[in-house]
Amino acid sequence: MKTRITSWCKNANDEKFLLALELIPETNTVKCLQFKDEDITDSLIEDLNSKWKNHEEIELPTHEASETELKVDTIIPEGLIPEKESDISVKVNEWNFIVLSSKLYESYKSELSELKDRIERIEQFDKGIWENLKGFWSKVQDQLREKNLFREHGSMLKEHTNELFSKLKDLRTKMDKEFNLESGKNKQDLYNELDGIDAKIKDGQRLQSVFDELKKIQQKLKNLKLNKEDRSKIWERIDKAFKEVKEKKFGSSGNSGGVSALERLDKRYKGLIEALKKMDNSINRDKSDLEYQSNRNKDLSLIHISEPTRPLYISYAVFCLKK
């Protein structure tokens with residue numbers, strides 16, 4: 001957006017003036033060059049509209065200079081009335097937006113400068129700073145989508161942000177390289193230990209001691225620096241060694257007493273079936289006892305019925321029992 005415009009105005013006495021207005025976003029002010037009608041020439045108008053508006057130096061005649069704070073309703077000095085008020089209203093909105101956008105840009109530049117200072121002082125990759133930089137750029141993108149930032153401001157912020165991302169990526173690459181070197185050394189050390197264990201397994205001697213050694217290597221593995229690939233390969237060798245120890249110790253089934261997994265499962269299944277049968281028998285006994293007690297209580301209740309009605313109740317009870 002243009003930060004320099006010209007406008008014809010009049011005062012209360014109907015005197016005519018040409019104003020050259022310039023926005024200073026950093027200070028939220030408007031500079032005004034005021035030319036009287038008698039001092040204005042065609043060449044001045046041409047220079048103002050072509051060169052001056054593009055921030056080129058021109059020779060200026062006698063004029064009055066002033067500077068006022070940018071307001072939300074006008075940019076014309078007090079006491080003057082513009083000939084085209086609609087054009088001025090549009091420019092007021094544009095310039096207020098420029099000021100707000102510029103302040104936002106300066107704020108982001110300051111934040112980016114702090115991040116740059118932190119990144120230049122670190123010697124190794126810092127995940128926290130990486131996340132901070134990602135968060136910063138996410139905020140800038142949100143403002144660009146909402147069109148609260150000029151594209152040229154966004155482009156400059158993007159350029160500097162990408163430079164910082166590149167520096168952090170270089171540090172991360174360096175860190176990964178060092179980590180992989182250390183991982184390779186740790187993997188080889190463990191391979192050497194496992195080679196010794198493999199030899200002991202082949203001999204078949206002191207297998208319990210070998211088993212304990214494998215468990216110690218498992219514990220050691222938790223605290224060693226290993227990349228995903230190296231860690232996976234170590235676990236494969238440890239798992240293979242454990243299986244070989246069990247096979248040597250317990251036979252091909254890999255279990256004490258030579259009982260296979262299928263046999264153990266079948267035994268558990270049969271045990272569950274027997275337990276269910278016992279539960280069914282117990283439930284049936286309880287039902288039988290409950291039925292006996294219920295019938296017994298009915299018989300006892302008949303004994304206490306009064307003499308006049310006893311024959312009738314006895315006959316009804318016998319009838320029910322026969323059914």
Side-chain angles (χ1 to χ4, degrees), residues 112 114-139 141 161-272:
L112 191 60
E114 291 179 7
L115 285 168
K116 180 181 179 182
D117 182 59
R118 292 177 63 188
I119 291 170
E120 287 178 345
R121 286 188 284 110
I122 61 176
E123 295 181 356
Q124 59 183 10
F125 177 77
D126 188 311
K127 188 176 180 181
I129 295 179
W130 173 268
E131 293 299 325
N132 288 342
L133 189 59
K134 281 176 60 179
F136 166 80
W137 180 239
S138 178
K139 289 190 298 183
Q141 286 182 309
T161 303
N162 284 341
E163 290 176 1
L164 297 182
F165 271 127
S166 294
K167 290 182 179 179
L168 287 174
K169 286 177 181 177
D170 290 342
L171 289 173
R172 185 169 61 183
T173 299
K174 179 183 177 183
M175 182 186 72
D176 289 344
K177 184 177 179 181
E178 293 173 351
F179 182 83
N180 288 331
L181 286 173
E182 186 173 359
S183 175
K185 179 180 180 302
N186 289 333
K187 182 187 76 171
Q188 189 56 53
D189 290 343
L190 289 176
Y191 270 11
N192 293 338
E193 288 188 53
L194 290 168
D195 287 343
I197 287 175
D198 288 343
K200 293 179 182 179
I201 294 173
K202 287 180 181 179
D203 291 340
Q205 300 296 323
R206 303 182 63 186
L207 292 177
Q208 184 57 47
S209 174
V210 171
F211 193 85
D212 293 339
E213 287 183 54
L214 286 172
K215 288 197 292 185
K216 287 180 181 178
I217 292 178
Q218 274 186 319
Q219 292 298 320
K220 186 191 298 185
L221 193 60
K222 295 178 181 179
N223 300 319
L224 282 178
K225 289 184 178 180
L226 291 164
N227 59 36
K228 186 177 180 180
E229 183 181 357
D230 290 343
R231 189 176 296 276
S232 176
K233 289 179 179 178
I234 294 295
W235 274 115
E236 286 176 6
R237 284 204 57 177
I238 291 174
D239 185 59
K240 180 174 177 291
F242 268 123
K243 289 178 180 177
E244 289 177 353
V245 169
K246 288 179 181 179
E247 187 173 342
K248 284 278 186 178
K249 192 172 182 180
F250 303 119
S252 59
S253 65
N255 294 282
S256 178
V259 180
S260 69
L262 182 60
E263 290 172 329
R264 289 203 315 276
L265 186 61
D266 184 60
K267 186 177 180 180
R268 289 179 64 187
Y269 173 75
K270 290 179 179 177
L272 287 171

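Computed from a prediction, not measured in an experiment: that's the story for all the values here. Note that these values count all heavy atoms, side chains included, but never hydrogens, waters or copies made by symmetry.
With salt bridges taken as basic N to acidic carboxylate O contacts below 4.0 Å, none links Asp198 and Lys240. Here Lys116 does not pair with Glu163 in a salt bridge; the nearest charged N to carboxylate O distance is not below 4.0 Å. The pair Asp239-Lys243 counts as a salt bridge, with a side-chain nitrogen and a carboxylate oxygen less than 4.0 angstrom apart. Taking 4.0 Å as the cut-off between side-chain N and carboxylate O, Lys174 and Asp170 do not count as a salt-bridged pair.
Of all non-hydrogen atoms in Leu226 and Lys187, the two that sit nearest each other are CD2-N, 3.8 Å. Here the shortest heavy-atom pairing between Arg231 and Leu224 reads NH2-O, 2.9 Å. When all heavy atoms of Lys200 and Val210 are compared, the closest pair comes out as CB-CG2, 3.7 Å.
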Trace of the side chain to side chain contact (heavy atoms under 4.5 Å, CB included) decision for Ile197 with Ile201: CA-CA 6 Å; Ile197 287 175; Ile201 294 173; 3.9 Å; yes
Stepwise side chain to side chain contact (heavy atoms under 4.5 Å, CB included) test for Leu133 and Leu168: CA-CA 10 Å; Leu133 189 59; Leu168 287 174; 3.8 Å; yes
Stepwise salt bridge (Lys or Arg N to Asp or Glu O under 4.0 Å) test for Lys127 and Glu131: CA-CA 6 Å; Lys127 188 176 180 181; Glu131 293 299 325; 5.4 Å; no
Working for side chain to side chain contact (heavy atoms under 4.5 Å, CB included), residues Lys167 and Glu120: CA-CA 9 Å; Lys167 290 182 179 179; Glu120 287 178 345; 3.8 Å; yes
Verdict with reasoning, Gln218 to Phe242, per side chain to side chain contact (heavy atoms under 4.5 Å, CB included): CA-CA 11 Å; Gln218 274 186 319; Phe242 268 123; 3.6 Å; yes
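Formation of a donor-acceptor pair under 3.5 Å by the Ser166 side chain with backbone atoms of Asn162 is found in this model. A distance-only check finds no donor-acceptor pair linking the side chain of Asn227 to the backbone of Asn180 [under 3.5 Å]. Distance alone, capped at 3.5 Å, places no donor-acceptor pair between the Thr161 side chain and the Trp137 backbone. A donor-acceptor pair is defined here as one N or O able to donate and one able to accept, closer than 3.5 Å; no such pair exists between the side chain of Ser138 and the backbone of Lys134.
Here CG of Leu214 is found 7.0 Å from CG of Leu194. Values are rounded to the nearest 0.5 Å. Going from atom CG of Asp117 over to atom CZ of Arg121 covers 4.5 Å, rounded to the nearest 0.5 Å. Taken from CG in Leu181 to NZ in Lys177, the straight-line distance is 7.0 Å, to the nearest 0.5 Å. A distance of 8.0 Å separates CG in Leu112 from CD1 in Ile119, rounded to the nearest 0.5 Å. With rounding to the nearest 0.5 angstrom, the CG atom of Asp195 is 11.0 Å from the CG atom of Leu190. With rounding to the nearest 0.5 Å, the separation of CD1 in Ile217 from CD1 in Ile238 is 6.0 Å.
Counting non-hydrogen atoms of neighbouring residues, nucleotides and ligands closer than 6.0 angstrom, the CD atom of Glu123 reaches no more than 12 such neighbours.
At least one side-chain heavy atom of Glu193 sits less than 4.5 Å from a side-chain heavy atom of Lys220.
Ring geometry for Trp130 against Phe125 counts as tilted: the plane angle lies between 30° and 60°, on a 0 to 90° scale.
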